[in-house]
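Just below is one structure, and these are the notes that go with it.
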Amino acid sequence: MSEQKIINFMGQRKIAAGISLILLLLSIGSLAIKGLNFGLDFTGGTLVEVNYSVAEPLQNVRKTLENAGYKGAVVVNFGSDTDVLVRLPHGHSDQLGNEIIQTLSQDVSSEIELRRVEFVGPQVGDELKEQGGLAMLMALGLVMLYVALRFQFKFSVGAVSALIHDVIITLGIFSILQVDFDLTVLAAVLAVIGYSLNDTIVVSDRIRENFRKVRKASPIEIINISLTETLARTLVTSLTTLLVLIALFVFGGELIHGFAMALLIGVFVGTYSSIYVAANVLLAMDLTKEDLIPPQKEGGEVDELP
Amino acid sequence: MLNKTPVWKYLLIAFIVSVGFFYAAPNLYTPDPAVQISGESSATLIDDKALSRVTEALQEAGIEYFGEEIGDKAKNALIRLQHRDDQLHAQSVIQRALGDGYIVALNLASTTPDWLSSWGAEPMKLGLDLSGGVHFLLEVDTQAALAKRMEFYNTGIKRQLREEKIRGFVSLDEQGGFIRGKFKTEELRQQASKKIRSEYPELVREDISGDSGYQLRWTISEAKIKEIEDYAVGQNLTTLRNRVNELGVSEPLVQRQGRNRIVVELPGVQDTAEAKRILGKTANLEFRLEAKLSASSATREEFQYRDERRGTAWLERNVVITGERVANAAAGFDPQTSQPEVNITLDSEGGSMMHRVTRNNIKRRLGVLFIERKSRTRYEINEAGEEVAVRIPYDEKRIISLATIQSALGVRFRITGLDNPAEAAELALLLRAGALAAPMDFVEERTVGPSLGAENIQLGLMSVQIGLTLVAAFMILYYRVFGVIAVVGLAVNMVLLVAMMSLMSATLTLPGIAGVVLTVGMAVDANVLIFARIKEELNNRMSPQQAINSGYERAFVAIMDANLTTLLVAVILYAVGTGPVRGFAVTLSLGIITSMFTAIVGSRALVNLIYGGRKVGKLSI
């Protein structure tokens, strides 16, 4: 038999656990202190994107708006220096979009084209936050149930730990960098759950198979064998997914940036977590062969009991 | 012999793939920019004469057009344009040439050939973020509908007790949560309770014994509250549909969302102010008798005239009918005075209610209240100590007419006393479009300009192409012949995905495109799992044929588990998400299904075709 060299993944498991812990603490810390930079979808308010035919200095735009009496307007470039994004907190009228365009086009010589207007009422924003949180919890809960039924309870703890690990770190990076967190990013985070799960399941599947097949090996050895066997697949799939995500990030345009970024982070962390987090949890929970052997029929014995 | 696929299976796969190609094909035909013309009322026909007026005007304006055609029963006409930039210009030119009475809307005309469309093959619909347009989310104030209903019960209970000569004092609680009845004796209370129970079984009664005599408390039952809310939202939905039709937008979407929200999507609309004016103008009518001078202040209410110079008038609190009962309304002129007027037709129930009240009150005056939802801004200091503006919606009720009832009114009558023909026309439009059962507020609005939409499509397509190319190149370099097989599978997967989305008439959004891109990345996963397994088995000294067989078999479990869980997440995403997130969930789940088919069934068949049923020395993997 051409023996494949078994990589001793679990030898580094304490270091990996340490790294994960540090990343988690950093993320939770940042989420607690800085919080997420929620986008318009969640905060409510008005957003107007306009395109100037000739680049207009942002100070001028700010001044125009201030003179017209719009307090608290955030004015930034979006993608290019001819695209300007104006964001206002809620409380203004729902006609605001049109008013702003009129105001802006008054004292500028270059032509202004409306790109988009978004108005989100405060009640909608709060609801979306609630729904988003609920979606995430539901996804995690159902996944836990499915894996527990399909595999075994310890696996489901491992898989869900890996998912929570990935979600918290992805959110943490968004919090640290203060990147806009909008609806599409939420969708991406949920997709990360899907992707990372995919990865973890494939690894778990092999661990289960090897626990039943390989004799005379310690759990650590079996997990090392399983991880080595699936390594090629894990890397190839991550690579192809990362390739398309990079294409999306670079060429997909400004609106899809946050989405692509969340997935890039998620796929990266998800690949790492399927190797180290899920398996680590399995070891920590003392997974044994007995856990995976299908229960024997004990009907006969039961009948004989008085 | 191992790895042979039966012929019927090849045929089945070939059939599925060709059906996929067939239904995906319409997406290759880019639609023409077009302008659609229809009459404001269904009586207006678009004939050759009207069409030639349009084409002449277009020629004069130097706009290139082609393929003008009159639609079914001359109800509408479609004119295709050479250049997309001309669309807005063409619209205004045509509107001017035809004059009022016609609706001219921007449109994208399908160029799908007949041999495709006759089999139901149509291209995917583009979401607003790709086509440009307006998206509104409106919230129906169901509380207002409930309050209105409470008033109705209050009046009804009073009338019932009066008719039965059960003496007592009935009043609506200030908060409007319940109706209170006070009676002198227990017997009276019993009688009242019994009478009202038979008349309004949906009311919940509660006896309250206290110092102030024998009391009864009526509230609306939970089931009835839900029914009233559903009715209010349903009625508003119909009304909005009618109003959207008045706007003349091609392929609008008006849909209920959740308990009390309504989504309105108007592709191609640029003038949001106009759209909001028509949609959001929550005008409603109330018909009330003028209060008698002797009436107690509890039964009458003072209102201002819409024309402020005329001062105020006192009307009864009781409402005869509301605008919901209005079936039709048309602007016209009084033949005698040539003053503008609005002719109103009520539904039969409204007619009989109107008749019952007016027949006993001839020579009294009937007032029409025009109710508009407006909002005022108040400044408050929030928790953080900042000043924030709070918008408080309120109903403005103004009298638009107060005329003497000459004879008993029925299903048809008219409102006079309008300032000018324009006002009459607008009032008629709003009434005809149906009245709202409850006021509505805009809680979300998104407008996407046409250039941004076009750019989104272009960028989305480009990233799909680049992503696909990168993945294909990598797979072929890494897995050789098997890589080619995977790439063929991937391409078929894309075609099937597009076909399924077209067939389901799912809407393609920008996050949807992202979903497609993600599917490309993840779709190869199933193949990678299989190929990795085959490589392993080859390393274990298995023969190529056996390696292929066991590779497919053993990878199957992992593929199923991995994809089913991802599907689970996609379904949750669909259930909880709205709008663009749903678009993403749809493409993701369809992508999972199609990729499982191409990876497990499709690529297996190809592998068998190339390697199966013969002696193979070495696999190119």
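Naming convention: chains lettered A, B, ... in sequence-line order (proteins, then strands); numbering from 1 in each chain.
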Under 4.5 Å, counting heavy-atom pairs only, tell me which of A:Ala191, A:Ser238, A:Gly252 racks up the most with chain B. A:Gly252

Between A:Lys129 and A:Asp41, does at least one N-O distance fall below 4.0 Å, as a salt bridge requires? no

Tell me whether B:Thr587 contacts the main-chain N or O of B:Gly512 through its side chain, where contact means a donor paired with an acceptor under 3.5 Å. yes

Turns out that what part of B:Ala532 lies under 4.5 Å from chain A's heavy atoms comes down to side chain

Hey, which of A:Val147, A:Val202, A:Leu248, A:Leu239 has the most heavy atom pairs under 4.5 Å with chain B? A:Leu248

Are B:Lys535 and B:Tyr478 in a cation-pi setup, meaning NZ or CZ lies under 6.0 angstrom from the ring centre and within 45 degrees of the ring axis? yes

Please rank B:Leu470, B:Val569, B:Leu459 by heavy-atom pairs under 4.5 Å with chain A and give me the top one. B:Leu459

B:Asn540 side chain to B:Met542 backbone, donor-acceptor under 3.5 Å: no

For A:Arg150, is it the side chain, the backbone, both, or neither that has a heavy atom closer than 4.5 Å to a heavy atom of chain B? side chain

Which of B:Ile466, B:Val471, B:Asp525 touches chain A most, by non-hydrogen pairs under 4.5 Å: B:Asp525

Report which part of A:Phe249 has an atom under 4.5 Å of a heavy atom belonging to chain B: side chain, backbone, both, or neither. neither

Side chain, backbone, both or neither: which part of A:Glu130 has an atom under 4.5 Å from a heavy atom of chain B? neither

So what's closer than 4.5 Å to chain A heavy atoms on B:Glu139: side chain, backbone, both or neither? side chain

If I measure from the heavy atoms of chain A, does B:Leu568 come under 4.5 Å with its side chain, its backbone, both, or neither? side chain

Residue pair A:Tyr195 / A:Ser274, side-chain donor-acceptor N/O under 3.5 Å: no

Can you tell me if B:Ser463 uses its side chain to pair, donor with acceptor, with the backbone of A:Phe251 under 3.5 Å? no

Proximity of B:Phe584 and A:Phe259 rings by center, below 6.0 Å: yes

Output yes when a side-chain donor or acceptor of B:Asn493 lies under 3.5 Å from a complementary backbone atom of B:Ser595, and no otherwise. yes

Check this for me, if you would: do B:Arg533 and A:Glu209 make a salt bridge, where the nitrogen-to-carboxylate-oxygen distance has to be below 4.0 angstrom? yes

Select, from A:Met136, A:Glu113, A:Glu254, the one with the greatest count of heavy-atom pairs under 4.5 Å involving chain B. A:Glu113

Side chain of A:Ser196, backbone of A:Ile193: donor and acceptor closer than 3.5 Å? no

Looking at B:Gly515, B:Ala555, B:Gly453, B:Ala558, which makes the most heavy-atom pairs under 4.5 Å with chain A? B:Ala558

Given a strict heavy-atom distance threshold of 4.5 Å, which part of A:Asp205 is in contact with chain B: side chain, backbone, both, or neither? side chain

Would you say B:Thr565's side chain and B:Ala562's backbone share a donor-acceptor pair under 3.5 angstrom? yes

If you tally heavy-atom pairs under 4.5 Å between each of B:Ile592, B:Leu461, B:Ile572 and chain A, the highest tally belongs to B:Ile572

Note: vs chain A, highest number of non-hydrogen pairs under 4.5 angstrom among B:His135, B:Met475, B:Met462, B:Arg261 is B:Arg261

Against chain A, label B:Leu137 side chain, backbone, both or neither, depending on which of its atoms sit under 4.5 Å from a heavy atom there. side chain

Any donor-acceptor N/O pair, B:Asp561 side chain to A:Ile201 backbone, under 3.5 Å: no

Give, as side chain, backbone, both or neither, the part of B:Glu455 having an atom under 4.5 angstrom from any heavy atom of chain A. side chain

Whatever's closer than 4.5 Å to a heavy atom in chain A on B:Asn527 counts as neither

Does any backbone or side-chain atom of A:Leu263 lie under 4.5 Å from a heavy atom of chain B? Answer side chain, backbone, both or neither. side chain

